[in-house]
Enquirer: 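The following block contains the structure, expressed as structure tokens.
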Amino acid sequence: MRIATWNINSVRMRLGLLLKLIEEEAPDVVCLQETKTVDADFPLAPLAERGYAHAHIHGMKSYNGVAILSRLPLEATAVQHWCDREDCRHALAMLPGGIELHCVYIPAGGDIPDPAVNDKFAHKLRFLDDMTAWLAEHRSPDRPMVLVGDLNIAPLEADVWSHKELLSVVSHTPIEVEKLGAMQRSAGWVDAMRHFVPETEKLYTWWSYRARDWAASDRGRRLDHIWVTPPLKPALTGIKVLRDARGWEPKPSDHVPVIVDLAV
DNA sequence: ATGGTAGGCGACCTA
């Protein structure tokens, strides 16, 4: 089973690139974040025509939005809300084989890494706390689960272009890294990307739009993640970060797709 | 220390 995750930064603007991803990589399931559209305007038909007949979409006007698109049947589709907001950041579904799939978009958190003066950062920290508490309750030792998405945190030193320079930059601050670590421990999540790529090796999934030349400066961060619970660890067969997608024409997302293969 | 770009939408927000 092949699962892809991508912060697409508007599914309507980048439908063509989504079709390219599907054609070239043939994932069974695609999880999207930042779809930025209400469900009525989601381009379901061109996906259904290509075999992605099962969709669990959860969007809103202008902001956020997550989607699970699948060639395999989806059951028990649901959404979760955190911080008493209904902002379309977490969708889940049961895949064949009883695998529970979570598609997540954690708040970016604004610019100032101080929850006392930046409400967006306070929201991000509380979102992590709320979701961690829920996962700790929700887990069961033998339940196979996959969690993917834009978690907006780069936890390891090799997940950013400069650990030292990003210590006070939202996405790599110690408090966020600690809270993401607590979330990872909440259900014994295995970091599938680092299962295959050594922790000391640079690995990025996002490059800013603001760089003159993203590839030359290569100031990236690993903000997108794929986690699996221990029952699925033996089934991990590979991951793929589509770095080239950062240059896809005509207009790339600032995030690239990440793919995991599971022998299930 | 600062500003750089992108998408959505509606006269500015979030990333």
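Throughout, protein chains are lettered first and strands after them, A, B, ... in sequence-line order, and every chain is numbered starting at 1. Because the structure is predicted, anything quoted here is derived from the model rather than measured.
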Enquirer: Determine the interatomic distance between P on B:dC12 and the same-named atom on B:dA1; round to the nearest Å.
Expert: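 To the nearest whole Å, 29 Å.
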Enquirer: Is the closest side-chain donor-acceptor distance between A:Asn7 and A:Glu34 under 3.5 Å?
Expert: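 There is such a pair between these side chains.
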Enquirer: Answer yes when A:Asp28 and A:Arg71 have at least one side-chain N-carboxylate O distance shorter than 4.0 Å, and no when they do not.
Expert: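 Yes, this pair counts.
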Enquirer: Which whole-number value in Å describes the distance from A:Phe121 CZ to B:dA15 P?
Expert: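 That distance rounds to 13 Å.
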Enquirer: Ignoring hydrogens and angles, state whether a donor on the side chain of A:Gln184 or A:His225 is under 3.5 Å from an acceptor on the partner side chain.
Expert: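 Their side chains do not contain a donor-acceptor pair, so the 3.5 Å distance test is not met.
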Enquirer: Figure out the CD1/P separation between A:Ile8 and B:dG8, and round it to whole Å.
Expert: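 In whole Å, B:dG8 P lies 11 Å from A:Ile8 CD1.
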Enquirer: Please state whether the phosphate of B:dT5, meaning OP1 or OP2, lies under 4.0 angstrom from any side-chain nitrogen or oxygen of A:Arg212.
Expert: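 No, A:Arg212 has no side-chain N/O under 4.0 Å of OP1/OP2 on B:dT5.
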Enquirer: May I ask you to say what A:Arg12 touches in the nucleic acid, namely base, sugar-phosphate or nothing, with a heavy-atom cut-off under 4.0 Å?
Expert: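 Since only primed, P, OP1 and OP2 atoms lie under 4.0 Å of A:Arg12, the category is sugar-phosphate.
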Enquirer: Quick check on DNA chain B: between A:Ser10 and A:Ala211, whose nearest nucleotide comes earlier from the 5' end?
Expert: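 It is A:Ala211 whose nearest nucleotide is closer to the 5' end.
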Enquirer: Can you check the distance between B:dG3 and B:dG8, where both ends of the measurement are the C1' atom (answer in whole Å)?
Expert: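 Between the two C1' atoms, the distance is 22 Å.
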Enquirer: May I have the distance from A:Lys36 (atom NZ) to B:dA15 (atom C1'), rounded to whole angstrom?
Expert: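 Computing the A:Lys36:NZ to B:dA15:C1' distance gives 7 Å.
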Enquirer: How far, in whole Å, is B:dA11 from B:dG7 if one measures between their C1' atoms?
Expert: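 These two C1' atoms come out 16 Å apart once rounded.
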Enquirer: To the nearest angstrom, how far is A:Asp111 atom CG from B:dG3 atom P?
Expert: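 From A:Asp111 CG to B:dG3 P: 13 Å.
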Enquirer: Using the P atom in both, what is the distance from B:dC9 to B:dC13, to the nearest Å?
Expert: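 My reading of the P atoms in B:dC9 and B:dC13 gives 16 Å.
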Enquirer: Quick one: CH2 on A:Trp207 to CZ on A:Arg246, what's the gap to the nearest 0.5 Å?
Expert: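 Going from the CH2 atom of A:Trp207 to the CZ atom of A:Arg246 covers 8.0 Å.
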Enquirer: Give one of base, sugar-phosphate or nothing for A:Arg246, where a contact means two heavy atoms less than 4.0 Å apart.
Expert: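 Counting heavy atoms under 4.0 Å across all strands, no contact is made by A:Arg246.
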Enquirer: How far does the C1' atom of B:dT14 sit from the matching atom of B:dG10, given to the nearest Å?
Expert: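 The same atom, C1', in both gives a distance of 15 Å.
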Enquirer: Could you tabulate the donor-acceptor pairs under 3.5 Å formed by side-chain atoms of residues 73-80 of chain A, not counting sequence neighbours?
Expert:
none

Enquirer: Do A:Arg210 side-chain and B:dA15 base share a donor-acceptor contact under 3.5 Å?
Expert: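 Answer yes: a donor N or O sits under 3.5 Å from an acceptor.
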Enquirer: Measure the distance from CG on A:Asp150 to P on B:dT14 and round it to the nearest whole Å.
Expert: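 Nearest whole value for this atom pair: 17 Å.
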Enquirer: For A:Arg14, answer base if it contacts any base atom (sugar-phosphate contacts may also be present), sugar-phosphate if it contacts only those atoms, and nothing otherwise; contact means non-hydrogen atoms under 4.0 Å.
Expert: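 A:Arg14: backbone/sugar contact only, no base atoms under 4.0 Å.
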Enquirer: Taking for each residue the nucleotide of DNA chain B with the nearest heavy atom, is it A:Pro107 or A:Lys61 whose nucleotide lies nearer the 5' end?
Expert: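 This one resolves to A:Lys61.
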Enquirer: To the nearest Å, give me how far apart CH2 (A:Trp206) and P (B:dT5) are.
Expert: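 To the nearest whole Å, that distance equals 14 Å.
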Enquirer: Among A:Lys202, A:Arg221, A:Arg194, exactly one meets salt bridge (Lys or Arg N to Asp or Glu O under 4.0 Å) together with A:Asp159. Which residue is that?
Expert: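 Answer to the salt bridge (Lys or Arg N to Asp or Glu O under 4.0 Å) test with A:Asp159 among A:Lys202, A:Arg221, A:Arg194: A:Arg194.
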Enquirer: Closest to the A:Ser62 side chain: B:dG7, B:dC9, B:dA15?
Expert: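 For A:Ser62, the side-chain atoms sit closest to B:dC9.
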Enquirer: For the pair made of CZ in A:Arg89 and C1' in B:dA15, what is the distance, rounded to whole Å?
Expert: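 Taking atom C1' of B:dA15 as the reference, CZ of A:Arg89 is at 10 Å.
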Enquirer: Atom CG of A:Asp213 and atom C1' of B:dG4: how far apart are they, to the nearest Å?
Expert: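 Distance check: A:Asp213 CG to B:dG4 C1' gives 14 Å.
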Enquirer: Can you tell me which nucleotide in B:dG7, B:dC9, B:dT14 comes closest to the side chain of A:Lys120?
Expert: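 The answer is B:dT14, which lies nearest to the side chain.
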